[in-house]
Amino acid sequence: MGKTLKLGAALSYPITITKILKNVGDDISKKEPVLQYSYKFKRVVHQEYEQDRVDIETGYADWDSPAEGKILKWRVKQGDVIESDQQLITIEEACSHEVQYAGLCAICGKDMKEANYASEQLDTSRATVAMVHDNVSLTVSSDQAIRAEMSLQKRLLKDRKLSLVVDLDQTIIHACIEPTVGEWQRDPENPNYEAVKEVRSFQLDDGPRGLASGCWYYIKMRPGLAEFLENIAELFELHVYTMGTRAYALNIAKIVDPTQKLFGNRVISRDENGSMTAKSLQRLFPVSTNMVVVIDDRADVWPQNRSNLIKVTPYDFFKGIGDINSSFLPKREDILAPSPLPELTAKPPPKLESAESVENSKSIAEHEKALATSSDETIILQLQAEEQERTLERQLTDRPLLHLQKQLDKEDEAAEKKVAETKDDSKPASNGDVDHLNHHHRHNLLRDDDQELIYLERHLANLHKSFFEQFDARATNHRADDIAPDSVPDAGKILTFLKSRVLRGTKIVLSGLVPIGADVRRTEIGLQAESFGTEISTRITSETTHLVISSSRPRTQKVQQAARMPHIKIVNQDWLADSIAQWKKLDERPYLIDVHPSDRAAAARASIGSGDGSTTPPSNSRITVVQSGQHLFEDEQGEDADEDDDDDDDGDAGFDDDEQPEDQDLSDVMPTELQDGEKSPGALGRTAWADMAKELEDELGSDLDDSDLESVDRGFDTDDESGKKRKYDSDDGDDGSLLAKKQRLAKTRTTGLRNVHNVGEDDTESNGLPTPGATGDDDEVNLVPRSNDADKDIAAFAQSAEDDDDDDIDGLEAELEAELAAAMDE
């Protein structure tokens with residue numbers, strides 16, 4: 001295939017071809033002249049007594065070939081005037097230099113880094129694509145990459161396979177260097193012995209320096225990994241892509257695939273990655289990613305290939321260790337932490353505020369600052385390696401697994417002693433009891449009950465089936481060895497479609513799961529949830545289907561809001577995580593949150609009070625406690641009720657969108673003032689309260705003296721049915737009647753009494769009504785304690801308003817008729 005050479009952009013255009021020095025079929029070498037051309041230029045002539053003169057002159061030059069080969073075709077002829085850069089000549093090269101290794105042509109052996117004046121760029125630019133996993137020095141040209149990838153696609157399609165790129169750390173294995181693991185493996189009496197029995201180990205010759213030099217790496221394969229890889233290898237060609245070193249990756253590959261049957265030499269590490277912060281499929285498949293799928297526990301490290309990714313739940317076998325290669329990746333912020341297990345209550349080792357720890361903290365802070373500001377990849381890599389060494393050293397010195405197990409042992413021992421103390425003290429302890437205390441049951445820290453690979457194999461099989469169903473439908477008119485590019489489906493688009501059906505139709509609000517001020521739709525949790533078809537919102541509305549909360553903070557204002565709407569399912573974060581992991585909208589019942597009785601009571605009171613069935617009362621509605629003679633509850637509109645519609649920007653530094661300090665005592669309290677459109681607990685509908693207020697005023701009005709009516713003769717303002725102010729005068733038709741005056745006078749009567757029950761006061765005559773107290777937007781319930789009979793009083797009040805409504809109306813109507821008749825007689 002010929003190579004076409006261009007004139008180049010550096011010539012003084014326009015030029016005229018004056019002579020062609022070589023003919024078709026002639027051999028030419030680098031820097032040999034092949035034609036002559038002329039060009040015009042300006043020359044300034046300096047004159048002693050006159051102004052400088054500018055002359056237009058003609059210059060002549062040779063055009064030298066930047067390559068060698070045989071001339072196949074001239075694309076210009078003598079006498080042509082060339083206005084700009086264009087194709088000049090086509091030659092047949094002796095070597096195309098399409099495959100290079102470390103700057104040398106892998107075919108002819110010539111130095112591609114040699115510079116010459118005839119060429120505008122080095123010959124290394126001819127081969128820039130690294131397609132080999134284990135060596136970035138071996139590169140090929142774009143044309144060669146296309147041919148190689150098309151050949152790969154044909155081979156895979158013939159074998160009915162796709163390509164699967166597999167991450168290592170916390171995806172299919174978990175690694176640590178904690179020496180406690182080795183000790184437990186040698187101790188059959190240890191409760192973790194069974195869990196660590198299958199843990200593999202190795203040492204690295206060129207591993208970390210310092211204290212971690214020569215350490216043992218302990219590798220735990222994800223449960224069912226061998227069977228998973230064996231089954232998936234029938235549908236996919238497997239590749240390893242890790243941010244660990246190549247030596248680390250190869251050692252794990254020997255454990256996972258000892259015969260090299262599954263991965264072969266298709267292993268790429270951070271040494272060949274070409275990026276300090278991200279992974280890219282273009283590193284392995286530079287032309288097309290249509291037949292490629294990725295499994296990784298991190299989605300944020302695949303910014304260009306998210307559509308090809310199946311994100312798996314991180315495998316966290318060694319508690320508290322995390323990813324030992326995380327220093328080479330961006331800070332992780334996408335973990336949706338599972339609910340804590342009841343048995344596992346041990347806490348990590350306390351941080352020591354010694355001078356040494358303070359110094360280490362300063363060092364880490366300086367390192368992170370340097371890492372953020374540095375632009376030199378070599379410096380960045382060095383800083384990341386130093387951070388990893390410090391992380392590994394902390395494992396060796398702090399021994400977090402040993403600390404957590406000791407904590408569990410203490411809790412087990414304390415629990416069994418407590419059980420023993422509850423036995424009959426008069427009964428003497430037997431030898432068996434004493435022996436039982438000395439050999440108490442020990443809970444194991446490490447658990448091996450992960451099931452992620454079961455779901456993952458199912459997802460990959462479904463994707464493979466869908467891909468080849470589409471391919472077969474498109475390729476019916478093509479031969480197996482003649483595959484048209486448009487007949488190959490896009491695995492990324494198929495994957496996107498399959499995921500989008502999982503939570504379609506749901507509208508989810510998150511509580512306690514995203515940082516303060518973060519745009520929930522741009523967080524990893526939000527991106528993952530929406531990729532599975534749900535709609536994420538920051539506010540609870542009548543369209544909300546699920547409130548997903550952190551199980552560590554079950555009492556937030558959003559919980560109280562959602563509790564008022566029976567159709568909203570309040571679930572912990574495990575429901576969302578498990579639904580995403582299983583690609584199935586799971587039954588919510590096992591994940592439902594037990595709403596605190598006070599929050600449920602508040603929701604019930606609000607529901608009972610909604611005479612019109614509405615669930616959205618006026619903004620900033622609040623309860624006001626007054627004496628009889630005026631409204632029991634007022635709805636007051638705050639001036640800034642709708643000023644801030646974002647639940648996530650409440651400005652409470654240190655907590656997320658609806659979190660309050662965890663040590664706040666929220667027991668036996670009820671909500672008072674709420675904001676942002678929330679319905680006040682116990683607040684009845686506007687119509688219901690208006691009717692009750694009128695009944696009360698009518699009763700009070702019947703007992704007024706005539707002398708009291710002077711105060712209402714001058715008229716006053718009241719609310720009409722539309723809620724607007726209306727002026728009433730004493731001589732306005734029937735409204736000037738004796739009964740009407742009594743009613744209006746009852747409305748004008750107010751009281752200054754504000755009885756509240758404060759904590760610690762001994763008020764035996766407390767009316768039991770809630771004391772109003774301020775609360776922040778979307779914060780955990782911060783409420784004022786009420787009297788012991790508050791729930792009973794309010795429940796009785798609400799019940800009487802509902803059960804006795806008809807009887808009260810009949811009685812009041814009769815009384816009103818009698819009053820009206822008496823007034824007419826007068």
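- What you find for H239 and F285 is that their closest heavy atoms are NE2-CZ, 3.9 Å.
- A salt bridge links K22 to E32: at least one charged side-chain nitrogen sits closer than 4.0 Å to a carboxylate oxygen.
- Using a 3.5 Å distance cut-off with no hydrogens or angles, the side chains of E272 and S269 do pair a donor with an acceptor.
- The residues D472 and R160 are annotated as salt-bridged, a charged nitrogen and a carboxylate oxygen being separated by less than 4.0 angstrom.
- When atom types are taken as modelled, the side chain of T128 and the backbone of S125 share no donor-acceptor pair closer than 3.5 angstrom.
- Between K113 and D111 there is a salt bridge, since a side-chain N of the basic residue sits under 4.0 Å from a carboxylate O of the acidic one.
- With sequence neighbours excluded, no residue satisfies side-chain hydrogen bond (donor to acceptor under 3.5 Å, both in side chains) with N251.
- Side chain of H174 to main chain of G322: a donor-acceptor pair is present (N/O by atom type, distance under 3.5 Å, no hydrogens or angles).
- The backbone N or O of D64 sits nowhere less than 3.5 Å from a side-chain atom of D62 that would complete a donor-acceptor pair.
- Under the 30°/60° scheme for interplanar angles, the aromatic rings of F471 and F468 are found to stand perpendicular.
- Taking every heavy atom of both residues into account, L392 and I177 meet most closely at O-CD1, 3.3 Å.
- To the nearest 0.5 angstrom, N308 atom CG is 9.0 Å from W302 atom CH2.
- No more than 12 heavy-atom neighbours from other residues, nucleotides or ligands sit within 6.0 angstrom of CD on Q51.
- E149 and R155 are not joined by a salt bridge, as no carboxylate oxygen comes within less than 4.0 angstrom of a charged side-chain nitrogen.
- Here the options are K311, Q170, K279, the test is side-chain hydrogen bond (donor to acceptor under 3.5 Å, both in side chains), and the partner is D296; only K279 passes.
- If you check the side chains of Y248 and D169, you find a donor sitting under 3.5 Å from an acceptor.
- Electrostatic pairing of D123 and K30 counts as a salt bridge here, judged by a charged N lying under 4.0 Å from a carboxylate O.
- In summary, K110 and E68 engage in a salt bridge, as defined by a charged side-chain N under 4.0 Å from a carboxylate O.
- Nearest heavy atoms, A67 versus I91: CB-CD1, 3.9 Å.
- Partners of K499 under the side-chain hydrogen bond (donor to acceptor under 3.5 Å, both in side chains) rule, at least two apart in sequence or in another chain, do not exist in this structure.
- Between D55 and R53, at least one side-chain nitrogen of the basic residue sits less than 4.0 Å from a carboxylate oxygen of the acidic one, meeting the salt-bridge criterion.
- With a 4.5 Å cut-off on side-chain heavy atoms, F202 and I252 count as touching.
- Using a 3.5 Å distance cut-off with no hydrogens or angles, the side chains of T90 and T4 do pair a donor with an acceptor.
- Put simply, the side chain of R126 never gets that close to the backbone of M112: no donor and acceptor are under 3.5 Å apart.
- Judged as a side-chain hydrogen bond (donor to acceptor under 3.5 Å, both in side chains), and not counting sequence neighbours, T18 has no contacts.
- Salt-bridge annotation for R298 and D300: present, with a side-chain N of the basic residue lying under 4.0 Å from a carboxylate O of the acidic one.
- A donor-acceptor contact shorter than 3.5 Å is absent between the side chain of R521 and the backbone of L527.
- Of all the heavy atoms in A249 and T242, the pair that sits closest is CB-CG2, 3.6 Å.
- Between I232 and E457, the closest side-chain pair of non-hydrogen atoms falls below 4.5 Å.
- Residues I324 and Y217 have side chains in contact (heavy-atom distance under 4.5 Å, counting atoms from C-beta outward).
- Residue pairs that meet the side chain to side chain donor-acceptor pair (under 3.5 Å) test with at least one member in residues 257-268, sequence neighbours left out, are E230-K261.
- A search for side-chain contact (heavy atoms from CB on, under 4.5 Å) contacts involving S84 returns nothing, not counting sequence neighbours.
- Taking each heavy atom of K73 and V24 in turn, the nearest pair found is CA-CG2, 4.4 Å.
- Atom CZ of R306 sits in a crowded spot, with more than 12 heavy atoms from other residues, nucleotides or ligands closer than 6.0 Å.
- Under a 3.5 Å cut-off, the side chain of Q203 and the backbone N or O of G214 do form a donor-acceptor pair.
- When all heavy atoms are compared, the tightest approach of I172 to L225 is O-CD2, 3.5 Å.
- In this structure N462 satisfies the side-chain hydrogen bond (donor to acceptor under 3.5 Å, both in side chains) test with no other residue, sequence neighbours excluded.
- Here the side chain of T171 pairs a donor or acceptor atom with the backbone of D297 at under 3.5 angstrom.
- Using modelled atom types, one finds no donor on one side chain facing an acceptor on the other under 3.5 Å when comparing T245 with R270.
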